[in-house]
Structure formats: C-alpha cells, structure tokens
Number of protein chains: 2
Amino acid sequence: MRADAQRNATKLREAAAELFGERGLQVPLKEIARRAGVSHGTLYNLFGSREALIDEVVADLAAARLDEAARTALACDDPWSGFAGYVYRVCELQAVDPALGDVLTRRFPDASRLMGVCDRTFAAAAAVIERAQRAGVLRPDFTGEDLVLFLAAQAPIARASAGSGVWKRAVAFLLDGLRPATAHPLPAPPPTTGQMTRILTGGP
Amino acid sequence: MRADAQRNATKLREAAAELFGERGLQVPLKEIARRAGVSHGTLYNLFGSREALIDEVVADLAAARLDEAARTALACDDPWSGFAGYVYRVCELQAVDPALGDVLTRRFPDASRLMGVCDRTFAAAAAVIERAQRAGVLRPDFTGEDLVLFLAAQAPIARASAGSGVWKRAVAFLLDGLRPATAHPLPAPPPTTGQMTRILTGGP
DNA sequence: AGCCAAGTTGACCGCAGGGTCAACTTGCCG
DNA sequence: CGGCAAGTTGACCCTGCGGTCAACTTGGCT
C-alpha cells in the first residue's frame, strides 16, 4: 500500500470514528469522506463497504468497552451490584456513543467482527445475569434476551438524553422490577434468541 | 367538491388508513396513492400534505382508542389495576397499529389535531397515574413523562413482537418496579415536559 | 529523471422520496 | 348537448443515498 493511501485510510478511519460516535453507524459514507477531506470514491476503494469500515473502526473499541463492563460486573463482589452496574454502564455507553447502540441491534449483519462482539457481549450479559440469579438476588425469569431487548429499546432515549441522564430513571425502574421479592408471574414466555433477533432487526 | 373528487378522497383515506396501520405514519405518500389507484398528484391536490392526511385519517381513530383506554382505566375500581391495565392497553394498541406508536412520539408537529390527541392522552395518563399514587399503590416518584418515554421506547418492540406478545414482558418488569414497596431512590430528577419532547423528537 | 502501477477524483448511474404543474379529461349545469 | 370549471394525470424537478468507473495524478522504484 502506498504512503498516500495509508494516510487517506487513516484520515477516513478518524473521520468515521468521529461521525459514527456522533450520529451512529448509519451516517452517509459520503459525509465521512467529506469530513476526511477525500473523495468518496477513495473510501469505496480503500474499504469497499460500510460494514468493512465499521469492522475496522468500531469493532475493537466497542469490544474493549463492552468487555470491560462485563469484567467489572463479574469482578464485583455483590452479584446484584455487579448486574445493576452492568446495566447502567451499558446504557451509559450507548448514551455517550451512538455507535455502541447500533452494535447490539444487529443491524449490520455483514460486519462480521462486530457480530462477534455482539455475540460475546450477549454471552457476557447472560453470565452476569446468571450469577445474580444463582445468588438469589435477581428474579429467575429474567433472561439475556429480555436484557438485550431492554437495552435496544432504551438506546434512542439514552442517546437523546445523554446530557440530562433521564435514561437512568428507566434503568432504575427496571431494576426495581427485577428483584425476586417483587416479582409477579410474567404474562408471556421468554423470547427465543431467534425471536429477539427478528424483533431487533425488524425483519421477518 | 365534485363527485369524482369525493370518491377519490374516500379511496385515498381508506388506502392511507390501511398503510398507516400496517407501516406507520411515515409511509411514502406515493405508495398510498398507488394503493388507492389514483395519481399521487391527486393526493397532493386533495390533501396538500402528509400532516393533513394524518389529521383526517388517524386523529379520530387514535383519539377514540386512546380515550377509551383512559376511560376504562379510570373506571376500574382498583387504581392499580386501572393503571396497569392502561399501560398494557396502550402498548397493545401500539403493537396492533403502528400508527398509534407514532402519535405519542410527536414526530408530526404539524398535524394539529393529532397533537391535540397527544396532549389529551398525556393528560389522561397523568390522571391515571395520579389516582394510583393517591391510593398509595404506585410509587410517587413516577411521572407522566416517565410513562410516555417508556411507551415511546417500547413502541418499536411492541410493533415487531405483536404476534408473540414479548412486549408484555417489558411491561410486566416495569410494573413490578413501580410498586411503592419495592421503590428505591431514583438516580436522576424527573424530566420536564420540554425535555421529554426533545428526547422524543430527537431534536435539540 | 522517467516511467508505470497504484491511487485518486468527480462525474455519472440507479433508486427512492417529496413536491409542482401544464396539459389533458370529465363531471355537471344551463 | 355543449362548454367550462373542476379535477386528474404523469412527466418533471429537486434532494440525497449507495455505488461505479474512465480519466487523471502521483508515489516511488529503477
């Protein structure tokens, strides 16, 4: 790869990181090219597709943050605090960085590394949940799918209320509903992972 | 108004009701015209704008359903059952009819009658909440704004999970978090109505 | 320095959406 | 039944998106 191509790729990665972070993963590619100061043709030449760019720019950063949240949660002595802190933290990440909100929704199935991050995060969330449930501090009928659906639903509100922290209230209401002592029977069976995916992607 | 214009307006209203109900209020106007079997020019000629069409087609129906839900809630002897049933009912309306989901989000500020429905619904929700709080069965720090934000966040999930009823789980978790006995202090002050509106519209 | 492959550019295509309007058709009244 | 206003049509404009590619520029090797 020639030096100028290297430079352009770097500029594009930087611009993409900025715009993804500001406005989510669906920002127009031409706008990324514009901010990077190169032609959009160059972007297509160097990356080929939005998914490839996402994989290069977002996947590692998202993985680092989400993995760290899971690690912190599991390292917490109190399983409930670990779980509650995890939910707050992931919501906060979504509030601060719109790109992270798009990770969990699986709206970019061709970004393979990102899908890997998504899968790992789902497994981590399940572990955090299970630990709390084994400790008897989290209602046993709450599933990983429930949590992901909650996070996905909150994402837009978290983004829009990043400054005021209003999203924290929704998390608090949820958490108060997840303690075993307060649990009432649920009106519907838990969604399968496939159902969850279909609901998230909006597809059939 | 000439007879053929009358007929076309009726066909357009029917087609709009169908498509709004199937796919929400942002359905392309040209598609409505296509389903009605008329030119899109006729649609613009007869209604002038999407908002006007919405006001004619959706506002009354939405008002009827939402008002009925509120009436039922207030007529319920048990304030908690009234409140809980109201939340379920509104979510169900959103699940069954995507157009209703778009009503609460205030995404069509120029549809004045629809905004009126929105305001009345907000007031009704506040009344349902207040009654339950006065009876001591609903935590006192839960506000109408909180409920609207919840409903707006759930709307896409309710739509996508209309068949399976998975959305009911989210409602159930919320309700279990709203009983006074289980309430923990909230991590953020309640949003003002203005904040809520800004969050819903995504705008500044 | 000279050359050529590597890289860049921006015009261009297709598509979809909102919106307009001159030319046409047609309901309806005298 | 004739004629005109009312109404309809679809071609057309604009914007903005993803994506392609021939023509140009330039890095860097010999």
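Being a predicted model, the structure only gives us computed values, none of them experimental.
- Between B:R34 atom CZ and D:dT8 atom P the separation is 19 Å, expressed in whole Å.
- Mapping A:Q26 and A:G41 onto DNA chain D via the closest heavy atom, the residue that lands nearer the 5' end is A:Q26.
- Atom-to-atom, CZ of A:F47 to C1' of C:dT8 comes out at 15 Å; the value is rounded to the nearest Å.
- Residue A:S39 places its side chain closer to C:dT9 than to any other of C:dT26, D:dT20, C:dT9.
- A donor-acceptor pair under 3.5 Å is formed between the side chain of A:T10 and the backbone N or O of A:Q6.
- One atom, CG of B:L19, and another, P of C:dG17, lie 12 Å apart when rounded to the nearest Å.
- In terms of phosphate contacts, B:N8 brings no side-chain nitrogen or oxygen within less than 4.0 Å of OP1 or OP2 of D:dG7.
- Rounded to whole Å, atom P of D:dG10 lies 14 Å from atom CG of B:L43.
- Side-chain atoms of B:R34 do not come within 3.5 Å of backbone N or O of B:H40 as any donor-acceptor pair.
- Picking from D:dG28, C:dT8, C:dT9 the nucleotide with the shortest atom distance to the side chain of A:V38 gives C:dT9.
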Query raised in the report: Do B:E51 and B:D55 pass the side chain to side chain contact (heavy atoms under 4.5 Å, CB included) test, and can you show the C-alpha distance, the side-chain angles, and the key distance before you say yes or no?
Result: CA-CA 6 Å; B:E51 280 74 19; B:D55 259 0; 5.9 Å; no
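- Distances shown here put a side-chain N or O of A:N45 below 4.0 Å from the OP1 or OP2 atom of C:dT8.
- One atom, OH of B:Y44, and another, P of D:dC12, lie 18 Å apart when rounded to the nearest Å.
- Rounded to the nearest 0.5 Å, atoms CD (A:Q195) and OG (B:S161) are 8.5 Å apart.
- Look at CD on A:E51: it is 13 Å from C1' on D:dG19, rounded to the nearest Å.
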Report task. Quick one: do A:D60 and A:R113 satisfy salt bridge (charged side-chain N to carboxylate O under 4.0 Å, His left out)? Show the steps, please. Result -> CA-CA 9 Å; A:D60 287 335; A:R113 294 180 55 211; 2.5 Å; yes
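- Remark on DNA chain C: of its neighbouring residues B:T42 and A:L46, the 5'-side contact belongs to A:L46, judged by nearest-heavy-atom nucleotide.
- Between the C1' atom of C:dA11 and the NE2 atom of A:H40 lies a distance of 9 Å, rounded to the nearest Å.
- The distance from atom CD1 of A:I32 to atom C1' of D:dG19 is 15 Å, rounded to the nearest whole Å.
- For A:R2, the side-chain atoms get nearest to D:dG27 when compared with the rest of D:dG18, D:dG7, D:dG27.
- At a cut-off of 3.5 angstrom, counting only N and O atoms as typed in the model, there is a donor on one side and an acceptor on the other between the side-chain of A:K30 and the base of D:dG18.
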